[in-house]
Number of protein chains: 2
Amino acid sequence: MPDGARSSRADAPLSARAEATRQRLLDAALVEFSEKGLAGARVDEIAARAGANKRMLYAHFGSKEALWLAVLEAAYAAKRAEERDLAVDALPPEQAMQRLVRFNFRYTAAHPEFVALLNQENLHRATHLKRSGQVPAMYSPMLEALQAVLARGEAAGVFRRGVDAMQLYISILAVGHFYVSNMHTLSTIFGAGLDSEAALAVREAHAVDVVLGYLRP
Amino acid sequence: MPDGARSSRADAPLSARAEATRQRLLDAALVEFSEKGLAGARVDEIAARAGANKRMLYAHFGSKEALWLAVLEAAYAAKRAEERDLAVDALPPEQAMQRLVRFNFRYTAAHPEFVALLNQENLHRATHLKRSGQVPAMYSPMLEALQAVLARGEAAGVFRRGVDAMQLYISILAVGHFYVSNMHTLSTIFGAGLDSEAALAVREAHAVDVVLGYLRP
DNA sequence: CTCCCGGGTAACTGGTTGGTTACTTTGCGC
DNA sequence: GCGCAAAGTAACCAACCAGTTACCCGGGAG
């Protein structure tokens, strides 16, 4: 094992400088990977963007693929963290549901890098994600919130019965993810810009309409 | 220009053998590109898969990127061709709509290579597609069918009014595309196989429910 | 039969790329 | 203020890869 494994004193925390370099490398890798994909990304370019050196990249992460996984885990963790701040328990079911849909759409639109990362990882059949200790254990707070809201709405008679929470969760992700992911080909085919704030607002409203329309009893 | 441009006798059609080689190269390229992406695909590997030689690949297509575009155009053409066979004019609006949703889902599930191709092209901001003379002019028969069905259903009072056909079209694509595209990461996170025929049937039914549920007046 | 050319092969090239090695600088404990 | 490990630099390397060049083969026209 290279000197990536600190051997100094048990698990001595990285010095502030080393930690900063590590973070800059992660940030640079996120940009490069999401712009060029895993195969298209260049290790030298990541090091250069981070204002660091390739040697440091390998000292911290060991390999291009390990760096990829670290970036992916950080991206998942960031999304899960934001999901955790969603407070929908106090809202009436329809408003709570609307909030979940809007949150998801806006998060996706604001983070196209995450979308690119996911697409790329799926091209690789999730081989890296499967090896991750963290991510599979990182259960989505949004899915849990969705299940709770669904149960409340059903009990109150304002939502249809028998809705599969996982399927609905996937659909809510889908209406935002697909739009952001395929924005360029869609814009080319429709000959219209889908990335303006106005277009995003239209799409967001549509996503809410579809989900709440479907959920009517 | 290399000898890719036949100069023999005006536009003498490719000989049968040459045409067969070209087709084998296209087929091999579709497999390689959809498995590895544009950057990850290897030109030598494509030639080998096709039982041909790199020289022939360059004679027929000129460059890796031109081959990519040719593959992409063929994939779009194949989908548009199948869409053209959709006969929904004679069906009542709800059944017609259901057929559109089911067709789209099944086509997407049966053609994950097309999904991979689209994702990859979007990573490249649709730069190749924009250069294509064909694709932007290849208006989707399914979108046209959708508009007609929507108008009929609205007039008959069985669909809600004011539905944006393009938004709905994107959503119908989305519920299938996202599921197929992100199948591996989703399966990893949910710890369940989403690619079995049973799982596909559940998803298909959900897609129909969402769209028809939303469209109720 | 033989000339000729479209279709095909294989070896080569030069720039790139992930990863490594030998060496220098920085800063903290003593 | 010094010793030494952690942090950083730059040059290097072997494998790889898109694209090219020099050459060969088979079959149809004359």
Side-chain angles (χ1 to χ4, degrees), chain A residues 1-26 28-29 32-33 35-71 120 124 128, chain B residues 1-26 28-29 32-33 35-71 120 124 128:
Chain A
M1 191 173 282
D3 58 355
R6 310 272 126 10
S7 51
S8 50
R9 203 175 306 172
D11 270 309
L14 260 36
S15 79
R17 197 151 67 100
E19 186 55 49
T21 301
R22 187 191 153 87
Q23 193 57 50
R24 287 203 320 279
L25 282 165
L26 267 179
E32 176 78 1
F33 279 138
E35 278 178 3
K36 318 256 187 77
L38 175 49
R42 298 296 158 231
V43 181
D44 295 86
E45 182 62 25
I46 293 173
R49 265 191 223 254
N53 191 278
K54 223 186 343 178
R55 166 70 216 279
M56 286 295 96
L57 188 157
Y58 281 93
H60 279 293
F61 300 99
S63 74
K64 190 188 185 183
E65 300 222 340
L67 174 58
W68 167 262
L69 178 56
V71 167
Q120 206 48 217
H124 292 273
H128 310 92
Chain B
M1 192 174 281
D3 58 354
R6 309 276 126 7
S7 51
S8 50
R9 204 174 307 171
D11 269 309
L14 260 34
S15 80
R17 199 149 68 103
E19 185 55 49
T21 301
R22 187 192 154 88
Q23 192 57 52
R24 287 203 319 279
L25 282 166
L26 266 179
E32 175 78 2
F33 279 139
E35 278 178 3
K36 317 257 187 76
L38 175 50
R42 298 296 158 232
V43 179
D44 295 86
E45 182 61 25
I46 293 174
R49 265 193 224 253
N53 192 278
K54 219 178 356 172
R55 166 70 216 281
M56 286 295 95
L57 189 157
Y58 281 92
H60 279 293
F61 300 99
S63 75
K64 190 188 186 184
E65 300 221 341
L67 174 58
W68 167 263
L69 178 57
V71 167
Q120 206 49 218
H124 292 273
H128 310 91

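Keep in mind that the numbers below use all heavy atoms, side chains included, and drop hydrogens, waters and symmetry copies. Per chain, numbering begins at 1; letters A, B, ... match sequence-line order.
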Interatomic distance, B:L25 CG vs C:dG8 C1' [rounded to whole Å]: 12 Å
Strictly below 4.0 Å, N to O, side chains only: are B:R49 and B:E35 in salt-bridge contact? yes
By salt bridge (charged side-chain N to carboxylate O under 4.0 Å, His left out), A:E65 pairs with (sequence neighbours left out) none
B:R24 bridged to B:E19 by N-O distance under 4.0 Å: no
Apply salt bridge (charged side-chain N to carboxylate O under 4.0 Å, His left out) to B:K36 and list each qualifying residue two or more places apart in sequence or on a separate chain. B:E32
Nearest whole Å is fine: how far is C:dG18 C1' from A:E65 CD? 11 Å
Residue pair B:L69 / B:F61, side-chain heavy-atom distance below 4.5 Å: no
Here the distance between atom C1' of D:dA6 and atom NE2 of A:H60, to the nearest Å, is 10 Å
Backbone N/O of B:L38 and side chain of B:K64: donor-acceptor pair under 3.5 Å: yes
What is the separation between atom NZ on B:K64 and atom P on D:dC16, rounded to the nearest whole Å? 15 Å
Return the value, rounded to whole Å, for the distance between atom CD of A:E45 and atom P of C:dT16. 13 Å
Could you state the CG-P distance from A:L57 to C:dG18, rounded to the nearest angstrom? 10 Å
Could you tell me whether a side-chain N or O of B:R42 sits under 3.5 Å from a main-chain N or O of B:A39, the two making a donor and an acceptor? yes
Does C:dT16 have its OP1 or OP2 closer than 4.0 Å to a side-chain nitrogen or oxygen of A:R42? no
When you check every protein heavy atom under 4.0 Å of nucleotides 9-15 of chain C, what one-letter string (B, S, -) results, 5' to 3'? BB-----
For atom CG of B:L38 and atom C1' of D:dC17, their distance in whole Å: 14 Å
Whole angstrom is fine here: how far is it from OH in B:Y58 over to C1' in C:dG8? 17 Å
Could you tell me whether A:A41 contacts a base, only the sugar-phosphate backbone, or nothing, with contacts defined as non-hydrogen atoms closer than 4.0 Å? sugar-phosphate
Using the side-chain heavy atoms of A:T21, tell me which of these nucleotides is nearest: C:dG19, D:dG8, D:dA18. D:dG8
